[in-house]
Amino acid sequence: MPHGSTQVGEVEIIALCDGVLESSETIEESFLGAPSGTWDDARVRYPDTVGPSDLWRLHVHCFALRTSGRTILVDTGFGPVTAPAFAWAKQPGRLPVELAEAGVEAGEVDTVIVTHVHDDHIGWTAFDGGRTLHFPNARYVIHRNDWQWMAESEDPEDVEIFAELMKPIADLGALQLIEDRLEVSGELTVVPAPGHTPGHQVVLVDSGGRRAIVAGDTANHPVQVTLPGVASGTDSDPELAVRTRTDLLGRAEREDRLFVTGHFPEPFGRIITEGGIRTFHSG
Ligand SMILES: [Zn+2]
Ligand SMILES: [Zn+2]
């Protein structure tokens, strides 16, 4: 599902669609706290976000950012058939195909920024029993709060994610844990955006007077742009996630930042308020 690329100043942002999945939950079960009638309206307004049986249909996007001879990848999708997310994704991810079609070699990626450690964001990380990384020349930038959260979790799914997708990064010497903002280049800054997970983070792009925010799971459905108080069912701290979502959507609109989404049908759009109603305008 190629979505193309866009230019933000000197930074090229290439959208890579690992796949289009159906959640195991309905659209109403996937999001919490919406006023009645919200989803009836959303089924009409955003038909691509609802699958058969009313299940939430989500795209899974990764992004290659190219600037000044560098290649930086944001997130690695839900991964291959051997990845933990295959249990619910029920299909192999397309990231390697999408990278090849975009002319990006795995070996040229120097940095992988992991917005957070949910299994649909770190799937293409390690393979070969944890002995090899899909992006062998990259350092993997992960927030310490996410690392500790999964390292200490006793939930069997978390234990599997940590063992198969996270620990190999550290064992192979590629891990860069961060605790605050990180300037990756003069144009790219990783900024904490907690709530969806304890260590969720986003990437701000500022180049040549143009701006973007690669927003991870700050908002997972266009409805949350209009109603930031609607929580994602997977938010680890829903109240904090609502504050972060409200802050970042306001900032994106105020600063005219291209809003780059992990799970909307369209990866690129603008946050615009008209008639007192804020919506996501793709393109
Ligand atoms: Zn997509
Ligand atoms: Zn997530």
Side-chain angles (χ1 to χ4, degrees), residues 1-6 13-25 29-32 46-51 56-64 73-79 83-85 88-89 91-99 101-102 113-125 142-143 145-147 149-150 153 155 157-158 161-162 165-166 192-203 214-222 224 230-238 240-242 244-245 248 259-269 280 282-283:
M1 180 96 28
H3 292 301
S5 65
T6 192
I13 304 178
I14 304 167
L16 306 156
C17 195
D18 203 30
V20 182
L21 305 180
E22 311 248 303
S23 166
S24 53
E25 297 183 321
E29 291 166 342
S30 301
F31 299 92
L32 309 171
Y46 308 111
D48 294 344
T49 67
V50 186
W56 175 34
R57 175 183 283 160
L58 65 155
H59 287 231
V60 178
H61 296 146
C62 315
F63 298 92
L73 186 65
V74 180
D75 287 334
T76 71
F78 53 86
W88 66 274
Q91 59 177 276
R94 286 179 41 85
L95 180 60
V97 176
E98 296 263 308
L99 284 166
E101 289 177 354
I113 298 167
V114 178
T115 62
H116 64 295
V117 297
H118 279 156
D119 62 359
D120 53 337
H121 291 257
I122 54 168
W124 294 97
T125 297
I142 300 177
H143 196 286
N145 290 353
D146 259 22
W147 188 270
W149 180 54
M150 293 301 264
S153 175
D155 177 286
E157 291 179 8
D158 294 347
I161 291 167
F162 185 78
L165 299 176
M166 295 173 65
H196 180 64
T197 66
H200 183 262
Q201 49 193 2
V202 298
V203 184
V214 185
D217 281 10
T218 298
N220 282 341
H221 191 286
Q224 293 174 298
V230 174
S232 297
T234 49
D235 287 344
S236 68
D237 182 340
L240 180 57
V242 165
T244 296
R245 185 177 305 118
L248 291 179
F259 197 76
V260 182
T261 76
H263 297 304
F264 291 14
E266 300 290 340
F268 303 121
F280 175 79
S282 64

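Here, residue 1 is the first one in the sequence, and each next residue gets the next number. We count ligands from 1, going down the list as the structure has it; atoms in each ligand are counted the same way. Keep in mind that the numbers below use all heavy atoms, side chains included, and drop hydrogens, waters and symmetry copies. What you see is a predicted model, and the numbers here were worked out from it, not measured in a lab.
Ring planes of Tyr46 and His221: perpendicular class, angle over 60° (limits at 30 and 60°). Ring planes of Trp56 and Phe31: perpendicular class, angle over 60° (limits at 30 and 60°). Ring geometry, His121 versus His116: the interplanar angle falls from 30° to 60°, so the pair is classed tilted.
Excluding waters, the set of protein N, O or S atoms lying under 2.8 Å from the Zn ion (ligand 2) comprises His116 NE2, His118 ND1, His196 NE2, Asp217 OD2.
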Applying ring pair (Phe, Tyr, Trp, His ring centres under 6.0 Å), run through His143 and His200 and close with a yes or a no.
CA-CA 7 Å; His143 196 286; His200 183 262; over 10 Å; no
- Message: Applying side chain to side chain donor-acceptor pair (under 3.5 Å) to Asp217 and His263, what does each step give before you reach the verdict?
- Response: CA-CA 7 Å; Asp217 281 10; His263 297 304; 3.0 Å; yes
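His3 contributes NE2 as its N, O or S atom closest to the Zn ion (ligand 1). Sorting the N, O or S atoms of His59 by how far they are from the Zn ion (ligand 1) puts ND1 first.
Under the 3.5 Å distance criterion, with hydrogens and angles disregarded, a donor-acceptor pair is assigned to the side chains of Ser232 and Gln224.
Under the rule for a salt bridge (charged side-chain N to carboxylate O under 4.0 Å, His left out), Asp158 has no partner lying at least two apart in sequence or in another chain.
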